[in-house]
*Asks:* 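Handing you a structure now.
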There are 2 protein chains.
Amino acid sequence: MAKLTIRDIAALAGLSKSTVSLVLNNSPRVDPATRRHVLAVIRRHNYVPSFAATALAKGSTRLIGMIVPGLSWHMIASINLGVAALTERTGFDIILYTATNDRDYGPVIDRILTSSMSSGLLVVTDKQPLDPLVQLHRDGMPVVLVNTLGTQVDLPSVTSDNYEGALAAVGHLLDLGHERIACVQGMMEYRCCQDRYRGYLDALRAAGIQPDPELTKPGEFNPETVRVQSRDLFELPKRQRPTAVFAHSDSTAYAVLKAAADAGLRVPQDVSVIGFDDIESASQINPPLSTIRQPFFDMGRQAADLLLGAIRAADDGEPAQETGEPARLSMPTSLVVRASTGPVPVSNPRRGRPRATAPA
Amino acid sequence: MAKLTIRDIAALAGLSKSTVSLVLNNSPRVDPATRRHVLAVIRRHNYVPSFAATALAKGSTRLIGMIVPGLSWHMIASINLGVAALTERTGFDIILYTATNDRDYGPVIDRILTSSMSSGLLVVTDKQPLDPLVQLHRDGMPVVLVNTLGTQVDLPSVTSDNYEGALAAVGHLLDLGHERIACVQGMMEYRCCQDRYRGYLDALRAAGIQPDPELTKPGEFNPETVRVQSRDLFELPKRQRPTAVFAHSDSTAYAVLKAAADAGLRVPQDVSVIGFDDIESASQINPPLSTIRQPFFDMGRQAADLLLGAIRAADDGEPAQETGEPARLSMPTSLVVRASTGPVPVSNPRRGRPRATAPA
DNA sequence: CTGAAAGCGCTTACAG
DNA sequence: CTGAAAGCGCTTACAG
């Protein structure tokens, strides 16, 4: 069965290609009866216009490129679901570029993306260099970032509100009576981690607690590092030891949990732990992890919405960079309370005197 | 900067479009010097041929469609990575169709895929109906299944060896001295679960142990169900209680772990637990989960390889269904021993008599 | 080894 | 409201 072309349909319908094309494109100036007839023929023969021919004639593919980091992260899947939810009813499809770690962004970007393959670009930021994207955007290509790691850049983007999230996490701990709250940081070169840390600090101060520098530890999103740092935290003398820890990611929280178990500490009886992200397994592990949920699905959907808007604008011939400031959406996070956080332990009566610190 | 076309390059190089096109397509019958010159011009002006025009003229897009279930599963990400590893050096790109739960496969398939948008289809099987795919394949469209759930069908596919995997899992438990080994099943309508169960049964029998029907429980890949079923298992009188459980997925294992904790059982001292899949968090939770690793990355790569081969064959005008039997690859799994499995507990001396079962 | 011409399957002014 | 024609940017026989 050779593929049908518009010419075949035209012949079958006893009309010209033009007319068929007009109904295909929903032109208002075609007789309703004619339209119905053509539609019927199309349906009966299961005709689908050639994608390539349409793209060439119209000068625009209905494809959006999505660049994702080559990591098997939960968030990618959720973001993608959000994007798909929107694109699937606009007739756009997604072409997926996976940025494998050992491959440069740069070449991919100007090779594939200049080939007018995609009408727009959705980029899930990793730590990749963003300059080629900025350039592309300046040249008129619609681009939006889904900014999970939060490098700051002059491009439209959607992030989640990391600062508010941290405020909520620490607030939750404070509500439970904790005062010695540790923070195990992610990669502090990322904007998101800076924001989370700022939230931690501000929440503490707002509660009248002076943050203890000894209680903040670098974790770098590296399980091994986190383990070691947490061990140090848990080996602190009882009165200095934190009763709760705020981890910059769920994965980090997992490592903290393991360190706690190694130290013989029960969660949440001896120490509370809260994460950030709400990855899939967070609710399934033991104990189920309290965390700050990032709205990945919604972030994906919003990003797609922004992008589709920009594409439409571009199609209508609007100049690039029309609006001065690129849109920057920040989506609200939410606190998910599960079993890894609990009331501060009733402090044991002091035994003996507190160990004297050097008296001088 | 308007996009350059092949005509511009031809003018710039002082040659005809034909010649430029020939070098673009690596034709051998073009003068080496000319070729170098054209290439230089192309590079200097950063020219990239229009994707749509090429596709139309050649009659084939260099796009493969990848259909994935709308689930945020670890495996999808890994499979995709494997596919990308292969496609990125063949010049093919991936167009991603996410089968959202509330949307039918059927329409997607014949709408988009007949539009000659993709040269081939890679389908990560969920529980979706496969008939439209079989039809498509019969009509000459290259299709391959990455069969993670394992419905059996008459299409080329790559799976992992679930039977061997189960054998390894139970073998590991047996080696540790366990004899009362429970099995918490997934969805038994799936081929993969049937295979895993068969492996469980056979491993036991090979060791001279008669499987106890009371120790196999339906879990249906539903955490709540698994929890309840596991509780029943753990509430069994001590002598009947399993000392180890083989779960049909890691996620299932998580729920078993939680049930064990609820029952006051320590893992692995009181009960060993092994999963299946090796999802990302399996190594991070507490205790780290012993499991059977499915080679998702390799499965993706193999599937892509199979598909690309089929596409090449189709381009060379081979008739569909040339070879009688569709290729069916089964990839080996591997045992990953972590901390959730350990030696069988030394059986406590019996206290009192065993509870008499109805004597009749 | 290189070029002129037709064609891939659509869309879009332009006539009528 | 409908049709004939040109054009989108390539490729591919066919001449030379």
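Per chain, numbering begins at 1; letters A, B, ... match sequence-line order.
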*Asks:* Can you tell me if Ser21(B) touches the phosphate of dT12(D), counting only side-chain N or O atoms and a distance under 4.0 Å to OP1 or OP2?
*Replies:* no
*Asks:* Please figure out whether Lys17(A) or Pro28(A) has its closest DNA chain D nucleotide nearer the 5' end.
*Replies:*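 Its nearest nucleotide being more 5', the pick is Pro28(A).
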*Asks:* Less than 4.5 Å apart, any side-chain heavy atom of Tyr47(A) and any of Asp8(A)?
*Replies:* no
*Asks:* Roughly how many Å is it from NE2 in His37(A) to P in dC1(D), rounded to a whole number?
*Replies:* 18 Å
*Asks:* In terms of side-chain heavy atoms, does Thr90(A) have a donor or acceptor partner in Thr87(A) at a distance below 3.5 Å?
*Replies:*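 No - no donor-acceptor pair under 3.5 Å links their side chains.
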*Asks:* In whole Å, I'd like the distance from the CZ atom of Phe51(A) to the P atom of dC8(D).
*Replies:*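 Taking CZ of Phe51(A) and P of dC8(D), I get 19 Å after rounding.
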*Asks:* Give a yes or no on whether the backbone of Leu121(A) and the side-chain of Ser118(A) come within a donor-acceptor separation of less than 3.5 Å.
*Replies:*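 Answer holds: no.
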*Asks:* In whole angstrom, what separates Asn25(A)'s CG from dG9(C)'s C1'?
*Replies:*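 After rounding, the gap between these two atoms is 13 Å.
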*Asks:* Rounding to an integer number of Å, can you tell me how far Lys58(A) NZ sits from dG9(D) P?
*Replies:* 16 Å
*Asks:* For a quick check of understanding: with a heavy-atom distance under 4.0 Å over all strands, which category does Thr54(B) fall into, base, sugar-phosphate or nothing?
*Replies:* sugar-phosphate
*Asks:* Among side-chain atoms of Thr61(B) and Ser119(B), is any donor-acceptor pair under 3.5 angstrom?
*Replies:* yes
*Asks:* Select one nucleotide: of dA4(D), dC10(D), dT2(D), the one nearest the side-chain heavy atoms of Val30(A).
*Replies:*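 Closest of the options to the side chain of Val30(A): dT2(D).
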*Asks:* Which nucleotide in the list dT11(D), dA5(C), dC10(C) gets nearest to the side chain of Pro49(A)?
*Replies:* dC10(C)
*Asks:* Using both distances under 3.5 Å as the test, list the Watson-Crick or G-U wobble partner of dC14(D), or none.
*Replies:*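 Paired with dC14(D), as far as the under-3.5 Å criterion goes, is dG3(C).
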*Asks:* By nearest nucleotide on DNA chain C, pick out whichever of Ala53(B) and Pro32(B) is the more 5' one.
*Replies:* Pro32(B)
*Asks:* Rounded to whole Å, how long is the line connecting atom CG of Leu22(A) with atom P of dG3(D)?
*Replies:* 10 Å
*Asks:* Looking at Tyr47(B), does any N or O in its side chain come under 4.0 Å of the phosphate oxygens OP1/OP2 on dC10(D)?
*Replies:* yes
*Asks:* Rounded to whole Å, please give me the gap between CG in Leu4(B) and C1' in dC8(D).
*Replies:*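 After rounding, the reported distance stands at 16 Å.
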*Asks:* Counting side-chain heavy atoms from CB outward, which of dA4(D), dG3(C), dC10(C) is closest to Ser16(B)?
*Replies:*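 Closest nucleotide among those given: dG3(C).
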*Asks:* Which heavy atom of Leu306(B) sits nearest a heavy atom of Ala327(B), and at what distance?
*Replies:*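 Answer, listing the atom of Leu306(B) first, then Ala327(B): CD2-CB, 4.3 Å.
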*Asks:* Closest to the Ser18(B) side chain: dT11(C), dT2(D), dG3(C)?
*Replies:* dG3(C)
*Asks:* Could you give the CZ-to-P distance, from Arg29(A) to dT2(D), as a whole number of Å?
*Replies:*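 Result: 10 Å.
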*Asks:* Take the protein atom CG of Leu56(B) and the nucleotide atom C1' of dC8(D), then report the distance between them rounded to whole Å.
*Replies:*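 Rounding to the nearest Å, CG of Leu56(B) and C1' of dC8(D) are 9 Å apart.
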*Asks:* Can you check whether Ser50(A) has a side-chain N or O nearer than 4.0 Å to OP1 or OP2 of dC8(C)?
*Replies:*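 The answer is no; no side-chain N or O of Ser50(A) sits under 4.0 Å from OP1 or OP2.
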*Asks:* Considering only dG9(C), dC1(D), dT2(C), which nucleotide approaches the side chain of Asp31(A) most closely?
*Replies:*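 From the listed options, dC1(D) comes nearest.
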*Asks:* Please state whether the phosphate of dG3(D), meaning OP1 or OP2, lies under 4.0 angstrom from any side-chain nitrogen or oxygen of Thr19(A).
*Replies:*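 Answer yes for this pair, as a side-chain N or O of Thr19(A) is under 4.0 Å from OP1 or OP2.
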*Asks:* Contact class for Thr5(B) vs. all strands (heavy atom < 4.0 Å): base, sugar-phosphate, or nothing?
*Replies:*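 Since only primed, P, OP1 and OP2 atoms lie under 4.0 Å of Thr5(B), the category is sugar-phosphate.
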*Asks:* Can Ser21(B) and Ser18(B) be counted as having a side-chain donor-acceptor contact under 3.5 angstrom?
*Replies:* no
